[in-house]
Asker: 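Can you keep this structure in mind? I'll have questions shortly.
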Amino acid sequence: MDRIRITGGKRLNGSIPIAGAKNATLPLMIASLLTDQTLVLDNVPRLADVGLLQRILGNHGVDIMVSGKRPGETQYDGQTLHISAANIVDTTAPYELVSRMRASFWVIAPLLARMGEARVSMPGGCAIGTRPVDLLIMALDNLGAEIEIDRGYVVARARNGLKGGKISFPKVTVGGTHTAVMAASIASGTTVIENAAREPEIGDVADCLNKMGARISGAGSSRIVIEGVSKLGGARHRVLPDRIETGTYAMAVAMAGGEVVLENARPELLQAAFDVLGQAGVEITPTNAGVRVARNGAGLAPVQVTTSPFPGFPTDLQAQLMALMTRAKGISHITETIFENRFMHVQELVRLGARITLNGERATIEGVETLKGAPVMATDLRASVSLVIAALAAEGETIVNRVYHLDRGFERLEDKLAGCGAAIERLSG
Ligand code: EPU
C-alpha cells in the first residue's frame with residue numbers, strides 16, 4: 001500500500017490546476033444509462049472512483065472508451081470518456097461493487113426508468129456515518145415504482161414505465177435529488193421536486209441531461225420541475241471544476257503560507273468556504289485564470305463554522321478546515337450537521353499535537369503554536385487530505401498511510417503540492 005511522506009515547513013508558491021469535479025462526474029457517468037446513444041464527457045478527473053464506476057457500468061453492459069492525449073495537452077488536462085449504454089445486459093448491481101462506492105447505488109434510477117426494473121444492493125454503512133437510502137427509495141416510489149427489499153437488495157419495478165409525481169424531500173439529499181431528476185427525465189408526465197439539493201453538481205448534471213433532450217428547469221434551486229420525455233439522446237458535456245479540490249488547496253496554502261493560483265477554479269461555487277477563509281485572514285482574489293490564494297506573514301484567526309447543504313459551508317471541507325484551525329490564534333468551533341460520524345480525523349490530528357475536543361456534533365479546536373510530524377492514517381477521503389494539510393505545517397516528517405483513500409478523490413495530489421514547493425512524495429508499496 002502506498003504512503004505519502006511530508007516534511008512540514010515549506011511555503012507554497014506557484015499554480016495548481018483544478019480538475020473536473022468527482023461528485024459531478026459520477027452522476028454524469030451514471031446518467032449515460034438513460035440513453036442508447038453515446039454520451040461524451042470532457043474534463044473527467046483521473047480518480048480511483050471514476051475507474052471503479054467504469055467497472056460497475058461495464059457490468060451492466062456499458063462500453064467506455066477513453067480518448068488518448070491530444071497534442072499540446074498536459075498530464076493535468078482531464079480525460080474524455082465516450083460512454084455508450086446501447087445494450088444494457090444486466091440490471092443487477094451486486095453487493096461486491098456497490099459496497100465499494102456508495103454513489104453507485106444511484107444506477108437504480110436510470111436502470112429502472114429505462115429498463116422497467118433494477119436490482120441494486122443496499123450500500124451499507126461507511127466511515128462517515130450510517131448513510132441510509134430511504135429517501136432515494138421514497139423518490140422512486142413517488143414516481144410509481146414497486147419496491148421491495150430482498151436479501152440485501154432493493155428490487156424496483158415499473159413494468160409500464162415511471163409516472164411523473166410530486167417528491168418532497170424531508171431532508172436535503174444530493175443523491176436523492178440526482179436519482180429523482182434522472183428517473184423523472186424519462187417518466188411520463190411532470191415531476192416536481194421540493195426541497196431539492198442546490199449543490200452545483202445537481203445543476204451540472206441537469207445541464208447535461210437537458211443537452212440529451214430532457215426538460216428540466218430550476219436545477220440549482222430548491223424546486224426542480226421535470227417534464228418527462230419518452231427518450232434521451234447523446235450529448236457532449238464538460239464537467240465543472242471541483243469545488244472541494246479548490247477549497248482543499250486553498251486551505252493547504254492558508255496552512256503553509258505563500259501564494260498560489262488555483263487555475264480553472266470558479267469562486268462562486270464555494271463562496272461560503274472562501275468567506276470563512278477571509279475571516280481567518282487568508283486573501284482570496286478571483287483572477288482571469290481562476291482564484292489566487294495568499295497568506296503572507298499574518299497568523300490565522302479562529303472561526304465559528306457549521307456545515308450545511310449548499311450554499312452553506314460544505315461537509316466535504318469540514319476536516320480540512322479543522323486541520324487549518326489547529327494552528328489558529330484562539331479557539332474555533334466547527335459543528336457538523338450533515339453526517340453524524342464525520343470526525344474520524346480528530347484523533348489523528350491530535351496525534352500531530354492538535355488540541356481538539358468533541359461534544360456530539362460540535363468540535364472545539366484550540367489553536368497551538370506547533371504541530372509535530374507523526375505517522376497517521378485515515379478512514380475516508382476528506383479526512384486523509386486534512387492530515388496532509390496539517391502535515392504541511394508540522395515540524396519534521398509525517399507519513400500518511402492508506403493513500404488509496406486520497407486517490408479516490410484527488411488527482412496527483414503529491415505532484416500538485418510538490419510543484420508549489422511542498423516537500424511531499426509518494427512511497428510505493
Ligand atoms: N440521507 C438520508 N436518507 C437518504 C439519503 C440521505 O437520511 O436516503 C441523509 C444522509 O445520511 C446525510 C444527509 O441525508 O445525513 C445528506 O446526504 P446526501 O444524500 O446529500 O449525501 P450523498 O448524496 O450520499 C453526496 C456526496 C458526498 C457529500 C454529500 C453531502 C457524491 C458522490 N457524494 O453524498 O461526498 O458529502 O453529498 O454534500 O456526490 C465526498 O466526496 O467525500 C463525499 C462524501
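One-based numbering, in listed order, for ligands and for the atoms of each.
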Asker: Taking only heavy atoms of Trp106 into account, list the atoms of ligand 1 that are under 4.0 Å away from them.
Answerer: 23 (O), 31 (C), 32 (C), 39 (O)
Asker: Please confirm whether Glu199 comes within less than 3.5 Å of ligand 1 when only nitrogen or oxygen atoms on both sides are compared.
Answerer: no
Asker: Taking atom 5 (C) of ligand 1 as the point of reference, which of Pro27, Pro132, Ala103 owns the nearest heavy atom?
Answerer: Pro132
Asker: Do any side-chain atoms of residues 139-152 form donor-acceptor pairs under 3.5 angstrom with protein atoms, and if so which ones, sequence neighbours left out?
Answerer:
unit_1	atom_1	unit_2	atom_2	d
Asn142	ND2	Lys166	O	3.0
Glu148	OE2	Arg157	NH1	3.4

Asker: Check each atom of ligand 1 against the heavy atoms of Lys22 and keep those under 4.0 Å away; list them by number with element.
Answerer: 40 (C), 41 (O)
Asker: Please identify which atoms of ligand 1 are closer than 4.0 Å to at least one heavy atom of Ile338.
Answerer: 12 (C), 15 (O), 16 (C)
Asker: Measure from atom 42 (O) of ligand 1 to every heavy atom in Met101, Arg382, His405 and give the option owning the shortest one.
Answerer: Arg382
Asker: For Gly175, take its heavy atoms, then give the atoms of ligand 1 lying under 4.0 Å from any of them.
Answerer: 19 (O), 23 (O)
Asker: Between Phe410 and Tyr249, how do the two ring planes meet: parallel, tilted or perpendicular, split at 30° and 60°?
Answerer: perpendicular
Asker: Heavy-atom distance to atom 27 (C) of ligand 1: which of Asp316, Leu135, Thr337, Val385 wins?
Answerer: Asp316
Asker: Is the shortest side-chain heavy-atom distance between Met29 and Leu81 below 4.5 Å?
Answerer: yes
Asker: Tell me which one of Arg102, Arg408, Arg342 gets a heavy atom nearest to atom 44 (C) of ligand 1.
Answerer: Arg342
Asker: Out of Val172, Thr315, Leu53, whose heavy atom sits nearest atom 30 (C) of ligand 1?
Answerer: Thr315
Asker: If only side-chain N and O atoms count, and only distance matters, is there a donor-acceptor pair under 3.5 Å linking Arg402 with Ser384?
Answerer: no
Asker: Between Asp42 and Thr80, does any side-chain donor sit less than 3.5 Å from a side-chain acceptor?
Answerer: yes
Asker: Mind checking whether Lys171 contacts ligand 1 via backbone (N, CA, C, O), side chain (CB onward), both or neither, at a 4.0 Å heavy-atom cut-off?
Answerer: side chain
Asker: Could you list the donor-acceptor pairs under 3.5 angstrom formed by side chains in residues 303-311, with sequence neighbours left out?
Answerer:
unit_1	atom_1	unit_2	atom_2	d
Gln304	OE1	His333	ND1	2.7
Gln304	NE2	Ile331	O	3.4
Thr307	OG1	Glu336	OE2	3.3
Thr307	OG1	Thr337	N	2.9

Asker: Hydrogens and angles aside, do Glu361 and Thr335 bring a side-chain donor and acceptor to less than 3.5 Å of each other?
Answerer: no
Asker: For the residue pair Asp275 and Gln279, confirm or rule out a side-chain donor-acceptor distance under 3.5 Å.
Answerer: no
Asker: Let me confirm one number: the NE2-CG distance from His345 to Asp380, rounded to the nearest 0.5 Å.
Answerer: 8.5 Å
Asker: Near Leu381, which atoms of ligand 1 are under 4.0 Å from a heavy atom of that residue?
Answerer: 42 (O)
Asker: Would you mind finding which of Asp380, Asn23, Val174 brings a heavy atom closest to atom 18 (P) of ligand 1?
Answerer: Val174
